[in-house]
Amino acid sequence: MTSTTTTPTPFNRLLLTGAAGGLGKVLRETLRPYATVIRLSDIASMEPATGPHEEVMPCDLSDKAAVHSLCEGVDAIAHFGGVSVERPFEEILEANIRGVFHIYEAARKHGIKRVIFASSNHVIGFHKQTETIDANAPRRPDSYYGLSKSYGEDMASFYFDRYGIETVSIRIGSSFPEPLNRRMMATWLSYRDLTDLIGRSLFTPNVGHTVVYGASANRDVWWDNHMAAHLGFTPKDTSEVFRDKVEAQPPYAPNDPALIYQGGAFCEAGPFDD
Ligand code: NAI
Ligand code: 15L
């Protein structure tokens, strides 16, 4: 958060769901400056608290009562828990759809005023890679997973309009240590840029419900963040430094969705019941 004019006062207690996951393990460390205490939660086991700045509280997001207890005493939520890839609808329903409802209901009951929602590029995955889209582009979910993130964004919008709970929904591209394939040269979001974007999303006043695309300063741009300009997010990293390594991989076949659609392989995942 280098270009803000004031240093934000950290939250007292920040809840991080999905804390045992790929991003959660990173954010457990990098979100530290944003809160006195980070409450770490997941259905999976994780390392015990390493000091008074951490609390570990296991929880299944599909358990309403457990999520309500989880949110007690919390000032802001970074909601990163849930199924993170395409799976049968029933799995997505429990973790992502029921889960996000439980998070917002608990936020309402406990007076929590700010949520960061880990949304995904798969909300708009059926847009072609030749398009550049902003936050107002029609959603074109590419999977049950993408649908659940679209539902989460609508939940965020509703809870702002109805109850004044503010959310930044980050449509994360591909956040990994480095881009893993040619498609990710456009979608990659470094951990440093993600951490900065979460900070801005937590501390920028009056965000209402803001949708922002999460990508680093990559050469090929599919997403236009002018509608989230108030966050002041200017990514610092770029996938260009990995280009030679990634382009050593074989090229995609001409009909590969990874070459055609923004959501890549998710556009051809499933069906699961046949
Ligand atoms: P991950 O799969 O490594 O982590 C998700 C965590 O959620 C896991 O630790 C899992 O145990 C937990 N979880 C699943 N079901 C749960 C339940 N019922 N109750 C409680 N916890 C549950 O995924 P990753 O990559 O760390 O992503 C974190 C979040 O960011 C996810 O919501 C994902 O959809 C979103 N995201 C990630 C992207 C990426 O490139 N890493 C891209 C777009 C979105
Ligand atoms: C996501 O939403 C997934 O959570 C992540 O694992 C990647 O597949 C990413 O999108 C992507 O599109 O690369």
Side-chain angles (χ1 to χ4, degrees), residues 15-28 30-31 39-47 56-64 66-67 70-71 77-87 90-103 115-127 129 141-153 169-191 193-195 197-198 211-216 218 222-223 239 246 257-258 261-269:
L15 168 63
L16 174 63
T17 67
L23 291 184
K25 283 186 194 131
V26 173
L27 297 175
R28 176 176 183 165
T30 63
L31 298 189
R39 180 171 290 175
L40 303 158
S41 185
D42 206 291
I43 197 171
S45 60
M46 71 185 102
E47 295 297 315
V56 172
M57 275 186 75
C59 176
D60 181 346
L61 290 162
S62 69
D63 180 338
K64 188 174 188 179
V67 175
L70 180 67
C71 290
I77 302 173
H79 182 42
F80 280 69
V83 174
S84 65
V85 292
E86 180 61 331
R87 297 292 300 158
E90 290 74 12
E91 288 180 37
I92 303 273
L93 174 65
E94 292 305 318
N96 294 19
I97 295 180
R98 283 194 207 286
V100 77
F101 166 62
H102 295 159
I103 286 286
V115 178
I116 312 308
F117 174 52
S119 186
S120 171
N121 71 88
H122 297 288
V123 168
I124 47 80
F126 263 115
H127 283 278
Q129 294 181 8
D142 58 23
S143 48
Y144 298 130
Y145 167 70
L147 276 168
S148 76
K149 296 294 185 179
S150 182
Y151 180 80
E153 291 186 9
S169 291
I170 306 178
R171 288 184 183 166
I172 302 169
S174 307
S175 197
F176 297 98
E178 56 188 71
L180 304 175
N181 53 47
R182 289 167 184 265
R183 171 182 162 274
M184 288 191 194
M185 289 300 292
T187 59
W188 185 63
L189 173 66
S190 72
Y191 292 152
D193 286 337
L194 173 63
T195 300
L197 181 51
I198 293 172
V211 172
V212 61
Y213 291 96
S216 285
N218 305 325
W222 301 341
W223 304 320
S239 61
V246 170
Y261 297 110
Q262 298 191 0
F266 282 58
C267 294
E268 64 174 11

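In this text, all values refer to a predicted model and were calculated from it rather than measured experimentally. Counting convention: from 1, in listed order, for ligands and their atoms alike.
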Can you name the nearest heavy-atom pair linking Gln262 to Asn121, along with the distance?
-> O-OD1, 3.8 Å
Expected output: side-chain Glu94 to main-chain Gly99 donor-acceptor under 3.5 Å | no
Trp223 vs Val212 side-chain heavy atoms within contact, under 4.5 Å | no
Counting only N and O atoms by type, is there a donor-acceptor contact under 3.5 Å from the side chain of Gln129 to the main-chain atoms of Ala258?
-> yes
Contact with ligand 1 for Gly214, non-hydrogen, under 4.0 angstrom = no
Specify the protein heavy atom at minimum distance from atom 10 (C) of ligand 1: its residue, its atom name, and the distance to 0.1 Å.
-> Asp42 OD1, 3.4 Å
For the side chain of Ser150 and the backbone of Gly146, is there at least one donor-acceptor N/O pair under 3.5 Å apart?
-> no
Heavy-atom pair of closest approach, residues Ser41 and Leu15 | CB-CD1, 4.1 Å
Quick one: look up the protein heavy atom nearest atom 7 (O) of ligand 1 and list residue, atom name and how far away it is.
-> Gly82 N, 3.0 Å
Test side chain to side chain contact (heavy atoms under 4.5 Å, CB included) on Thr30 and Tyr191 and set out the steps.
-> CA-CA 9 Å; Thr30 63; Tyr191 292 152; 5.8 Å; no
Return yes if some donor-acceptor pair links the side-chain N/O of Ser216 with the main-chain N/O of Ser190 below 3.5 Å, else return no.
-> yes
Enumerated ligand 1 atoms positioned under 4.0 Å from heavy atoms of Gly18 | 6 (C), 7 (O)
Show your reasoning for whether side chain to side chain contact (heavy atoms under 4.5 Å, CB included) applies to Val67 and Lys64.
-> CA-CA 5 Å; Val67 175; Lys64 188 174 188 179; 6.0 Å; no
Ionic contact status for Glu47 with Lys25, cut-off 4.0 Å = no
Would you mind checking which non-hydrogen protein atom is closest to atom 30 (O) of ligand 1, with the distance to 0.1 Å?
-> Ala118 CB, 3.5 Å
Closest non-hydrogen atoms of Ile92 and Val83, given as atom of the first, atom of the second and distance, are CD1-CG1, 3.9 Å
List the closest protein heavy-atom neighbour of atom 2 (O) of ligand 1: residue, atom name, distance to the nearest 0.1 Å.
-> Ser84 OG, 2.7 Å
Just distances here: any N/O of Ile172 and N/O of ligand 1 closer than 3.5 Å?
-> no
Check whether any heavy atom of Gly173 sits under 4.0 Å from an atom of ligand 1.
-> yes
If you measure from atom 36 (N) of ligand 1 to every heavy atom of Tyr145, Phe176, Tyr191, Trp188, which option wins on shortest distance?
-> Tyr145
Contact partition for Ser41 relative to ligand 1, non-hydrogen atoms under 4.0 Å = neither
To which protein heavy atom is atom 4 (O) of ligand 1 closest, and what is the distance rounded to 0.1 Å?
-> Gly21 CA, 3.4 Å
Within a distance under 4.0 Å of any heavy atom of Ser174, pick out the atoms of ligand 1 and give their elements.
-> 40 (O)
Can you establish whether the number of heavy atoms outside Phe266 located under 6.0 Å from its atom CZ is more than 12?
-> yes
Ala44 heavy atoms within 4.0 Å reach ligand 1 at atoms 11 (O)
Between Arg39 and Leu70, is there a donor-acceptor pair closer than 3.5 Å when you use the side chain of the first and the backbone of the second?
-> yes
Looking only at protein heavy atoms, identify the closest one to atom 39 (C) of ligand 1 and say how far it is in Å.
-> Ser175 N, 3.6 Å
Min heavy-atom dist Lys149 to ligand 1 below 4.0 Å | yes
Which of the atoms in ligand 1, numbered in the order shown and given with their element, are less than 4.0 Å from a heavy-atom of Ser119?
-> 43 (C), 44 (C)
Protein neighbours of ligand 2 with a heavy atom under 4.0 Å, given by chain and number, are Ser84, Ser120, Asn121, His122, Tyr145, Gly173, Ser174, Phe176, Arg183, Met184, Phe266
Closest heavy-atom contact between Arg182 and Val246?
-> N-CG1, 3.5 Å
for atom 21 (N) of ligand 1, nearest protein heavy atom and its distance come out as Ile43 N, 3.3 Å
Backbone or side chain, does any N or O of Asp60 fall under 3.5 Å from an N or O of ligand 1?
-> yes
Sub-3.5 Å donor-acceptor pair from the side chain of Thr17 to the main-chain atoms of Phe80, do we have one?
-> yes
Steps toward side-chain hydrogen bond (donor to acceptor under 3.5 Å, both in side chains) verdict (Ser119, Glu153) | CA-CA 7 Å; Ser119 186; Glu153 291 186 9; 2.7 Å; yes
In ligand 1, which numbered atoms sit nearer than 4.0 Å to a non-hydrogen atom of Cys59?
-> 19 (N), 20 (C)
Where's the contact between His122 and ligand 1, heavy-atom distance under 4.0 Å: side chain, backbone, both or neither?
-> neither
Please confirm whether Gly99 comes under 4.0 Å of ligand 1, counting heavy atoms of the residue only.
-> no
Atom 26 (O) of ligand 1: which protein heavy atom is closest, and how many Å away?
-> Leu23 N, 2.7 Å
If you look at every heavy atom in Gly82 and Ala95, which pair is closest and at what distance?
-> CA-CB, 4.2 Å
Under 4.0 Å, heavy atoms only, figure out whether ligand 1 is touched by the backbone of Ala19, its side chain, both or neither.
-> neither
For Gly214 and Leu197 the tightest heavy-atom approach is CA-CD2, 4.1 Å
Any idea which atoms of ligand 1 are less than 4.0 Å away from a heavy-atom of Ala95?
-> 15 (N), 18 (N)
